[in-house]
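Starting from 1, each residue takes its place in the sequence as its number.
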Amino acid sequence: MTRPVVVIGVSGSGKSTIGAALARRLGVPFGDADHLHPPANIAKMAAGEPLTDDDRYPWLDSVGQWLAAHPSGVMSCSALKRAYRDRLRRHSPSTYFLHLRGRPELIAQRVAARPGHFMPATLLQSQLDTLEPLGADEPGVTVDIDDRDVDAVVDAFLNWGG
C-alpha cells in the first residue's frame, strides 16, 4: 500500500491496536494521534469535558502533518466527523480511512477495562453521538469489530482493495 491509512472510530474501538498491527503487516511507520494531543486537550478530556472543534483543529493539523510526512504510514485517530477527515485530507489528499465499528456495549466494556487512560468512559456516549460514518464518496471502508480478532480486522481492510 502506498497511501497513508487513518484508522478511525470512537474511543475503545481498537484504533491503536489495529493501526499498529496494520502498520506491522505493511512494514510502514505507525503513529497514534493520542500522542499528538496538546496537554490542554488531555486535561480537558481527563476532566470529563468533550473537546470542541476549536480544541481539535490544531491537533488534527498535527495529525495531517504527520500523514504528509509519512505517505505510506498508518495513523490511529478518532476523526469522528467528516469535517475532521476532510481536514486531514487537506494535508494528505491520498489518505484512506479504516472505520472500526462495533456494538456500543462491546466498546463500553473495552473503555471500562482501560484504567488510567485520559479518555474516561463518561465521554463515550458523546463520541457515539458525534460519529459520522464514512460517506460513500470518502476513500475507505468500515469494518465491524464484533466477533473479529485483530488479524481478521486487518485482513478485512487489506482484502477491501481500495
Given 3.5 Å as the limit, does a donor-acceptor pair link the side chain of [X] with the main chain of [Y], or not?
X: K15; Y: G9; answer: yes
X: S92; Y: R89; answer: no
X: R101; Y: D144; answer: no
X: S13; Y: V10; answer: yes
X: R148; Y: V153; answer: no
X: W160; Y: L98; answer: no

### Query
Just checking, any donor-acceptor pair under 3.5 angstrom between side chains of R56 and Y84?
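On atom types as modelled, these side chains qualify, holding a pair under 3.5 Å.
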### Query
Checking side chain to side chain contact (heavy atoms under 4.5 Å, CB included) for the pair K44/L51: CA distance, chi angles, key distance, verdict?
CA-CA 7 Å; K44 196 170 185 179; L51 298 179; 3.9 Å; yes
### Query
Can you list the residues that meet the salt bridge (charged side-chain N to carboxylate O under 4.0 Å, His left out) rule with D146, with sequence neighbours excluded?
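Residues passing salt bridge (charged side-chain N to carboxylate O under 4.0 Å, His left out) with D146: R103.
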### Test salt bridge (charged side-chain N to carboxylate O under 4.0 Å, His left out) applied to R25 - qualifying residues, sequence neighbours left out
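So R25 forms a salt bridge (charged side-chain N to carboxylate O under 4.0 Å, His left out) with D151, D155.
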### Message
Salt bridge check, D61 against R90: does any charged N sit closer than 4.0 Å to a carboxylate O?
### Response
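No salt bridge links R90 with D61.
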### Message
Could you check whether D86 pairs with R82 (Lys NZ or Arg NE/NH1/NH2 to Asp/Glu carboxylate O, under 4.0 Å)?
### Response
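Yes.
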### Message
To the nearest 0.5 Å, what is the distance between CG on N41 and CG on L36?
### Response
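N41 atom CG to L36 atom CG measures 11.0 Å (nearest 0.5 Å).
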### Message
Would you compute the distance between atom CG of L158 and atom CG of L26 and round it to the nearest 0.5 angstrom?
### Response
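Rounded to the nearest 0.5 Å, the CG-CG separation comes to 5.5 Å.
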